[in-house]
Novice: 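Input: one structure, supplied below.
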Amino acid sequence: MANEAIPFYEPGRRITAHATANVVGKRFVMISGNRQADGNISVAHATAATKAFGVTAYDAALGEKVGILRGSGFIVPVTAGANLTANQRVEVGTNGQAVVLASGVAVGTVVTGATSGNDAQIALD
């Protein structure tokens, strides 16, 4: 699988979802509709400043199944949408990337920072 997000710690859960749009691994996603007929939750990249459902484990095209990493305690790689430093609180930015918390919903804390476009280690809320 291309662009796979491998958790740094894994006390939470992994679930399978249904991509209702193309999604990129290591990005925040939100619930994008009702469950599919097969019972999988529908997801797409989270909209900026909203609450995330989890982080994509890898890339998936529209209609494909995708792994979601979620739950408090997970420390996972998330693509930074801005320069991030350790201990900053983050929210969802454009295309599900992590940005410094401003006026949105906190979704995690930076464990190890990164420059924009690279992977930061984020402890999910």
Side-chain angles (χ1 to χ4, degrees):
M1 291 176 219
N3 200 23
E4 183 176 5
I6 300 170
F8 298 100
Y9 301 98
E10 193 172 343
R13 291 184 239 179
R14 294 174 177 246
I15 65 168
T16 301
H18 177 90
T20 60
N22 293 338
V23 293
V24 177
K26 305 176 195 172
R27 303 280 179 103
F28 290 112
V29 291
M30 64 182 186
I31 297 172
S32 59
N34 292 329
R35 283 183 182 263
Q36 297 292 307
D38 62 5
N40 286 304
I41 295 170
S42 299
V43 298
H45 283 153
T47 306
T50 62
K51 177 69 176 148
F53 178 68
V55 175
T56 48
Y58 44 83
D59 298 349
L62 169 67
E64 290 183 344
K65 300 302 179 225
V66 63
I68 304 297
L69 309 172
R70 64 183 315 269
S72 180
F74 251 144
I75 298 177
V76 298
V78 179
T79 303
N83 293 339
L84 300 174
T85 59
N87 203 42
Q88 286 182 312
R89 298 287 286 150
V90 294
E91 66 181 66
V92 177
T94 305
N95 294 318
Q97 296 180 5
V99 296
V100 177
L101 179 63
S103 59
V105 177
V107 294
T109 303
V110 179
V111 174
T112 300
T115 55
S116 183
N118 292 300
D119 296 339
Q121 294 178 16
I122 307 291
L124 302 178
D125 285 352

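Side chains included, hydrogens not; waters and symmetry mates left out as well; all remaining heavy atoms used.
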Novice: Apply side chain to side chain contact (heavy atoms under 4.5 Å, CB included) to A37 and list each qualifying residue two or more places apart in sequence or on a separate chain.
Specialist: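 With neighbours one apart ignored, the set is empty.
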Novice: Got a sec, which residues hit side chain to side chain donor-acceptor pair (under 3.5 Å) with N83, two or more places apart in sequence or on another chain?
Specialist: none
Novice: Does any pair with a residue in residues 100-114 pass salt bridge (Lys or Arg N to Asp or Glu O under 4.0 Å), and if so which ones, sequence neighbours excluded?
Specialist: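 Pairs touching residues 100-114 that pass the test: none.
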Novice: Quick one: does S42's side chain have a donor or acceptor within less than 3.5 Å of a partner on N34's backbone?
Specialist: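 Yes.
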Novice: With sequence neighbours left out, what residues match R35 under salt bridge (charged side-chain N to carboxylate O under 4.0 Å, His left out)?
Specialist: none
Novice: Test of understanding: with side chain to side chain donor-acceptor pair (under 3.5 Å), list the residues that count as partners of E64, not counting sequence neighbours.
Specialist: none
Novice: Provide the closest heavy-atom pair for V66 versus A60 in the form atom of the first, atom of the second, distance.
Specialist: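 Result for this residue pair: CB-CB, 3.7 Å.
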Novice: Restricting to non-hydrogen atoms, name the atom on V24 and the atom on H45 that form the minimum distance, rounded to 0.1 Å.
Specialist: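 Smallest heavy-atom distance, with atoms named: N-NE2, 3.0 Å.
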Novice: Just jot down the salt bridge (charged side-chain N to carboxylate O under 4.0 Å, His left out) partners of D119, sequence neighbours excluded, or say none.
Specialist: K26
Novice: Honestly curious: do L101 and F53 fall in one hydrophobic cluster under the side-chain, below-4.5 Å linking rule?
Specialist: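 Different hydrophobic clusters.
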Novice: Can you list everything that forms a salt bridge (charged side-chain N to carboxylate O under 4.0 Å, His left out) with K65? Sequence neighbours excluded, please.
Specialist: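 Here the qualifying residues are D38.
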Novice: Residues in side chain to side chain contact (heavy atoms under 4.5 Å, CB included) with L124, at least two apart?
Specialist: F28, V55, F74, V76, I122
Novice: Do V29 and I31 belong together in a cluster built from hydrophobic side chains that touch within less than 4.5 Å?
Specialist: yes
Novice: What are the two closest non-hydrogen atoms of A61 and A19, and how far apart are they?
Specialist: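 Scanning both residues completely, I find the closest heavy atoms to be O-CB, 3.7 Å.
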Novice: Of L84, V99, V100, T109, which meets side-chain contact (heavy atoms from CB on, under 4.5 Å) against V90?
Specialist: L84
Novice: Are the side chain of N22 and the backbone of L62 linked by a donor-acceptor contact shorter than 3.5 Å?
Specialist: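 Looks like yes, one N/O pair under 3.5 Å.
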Novice: Are I15 and V43 connected, step by step, through hydrophobic side chains (Ile, Leu, Val, Met, Phe, Trp, Tyr) whose heavy atoms are closer than 4.5 Å?
Specialist: yes
Novice: What are the two closest heavy atoms between T50 and V107, and how far apart are they?
Specialist: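 In terms of heavy atoms, the two residues are closest at O-CG1, 4.1 Å.
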Novice: Can a donor-acceptor pair be found, under 3.5 Å and without considering hydrogens, that links the side chain of T56 to the backbone of R27?
Specialist: yes
Novice: Can you give me the closest heavy-atom contact between T94 and A48, atom names plus distance?
Specialist: N-CB, 4.2 Å
Novice: For residues V23 and A44, report the shortest heavy-atom separation together with the two atoms involved.
Specialist: CG1-CA, 4.0 Å
Novice: For residues 44-59, pull every pair meeting salt bridge (Lys or Arg N to Asp or Glu O under 4.0 Å), keeping only residues two or more places apart or in separate chains.
Specialist: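 The answer is none; no pair qualifies.
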Novice: Mind checking side chain to side chain donor-acceptor pair (under 3.5 Å) for T112 and listing every partner two or more places apart, or none if nothing turns up?
Specialist: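 Once residues adjacent in sequence are excluded, the partners of T112 under the side chain to side chain donor-acceptor pair (under 3.5 Å) criterion are Q121.
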Novice: Going by side chain to side chain donor-acceptor pair (under 3.5 Å), name the residues that satisfy it together with N95, two or more places apart in sequence or in a different chain.
Specialist: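 Listed in chain order: nothing, the list is empty.
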Novice: For residues 88-101, pull every pair meeting salt bridge (Lys or Arg N to Asp or Glu O under 4.0 Å), keeping only residues two or more places apart or in separate chains.
Specialist: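 Found R89-D125.
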Novice: Does G113 offer a backbone N or O that forms a donor-acceptor pair with the side chain of T85 under 3.5 Å?
Specialist: no
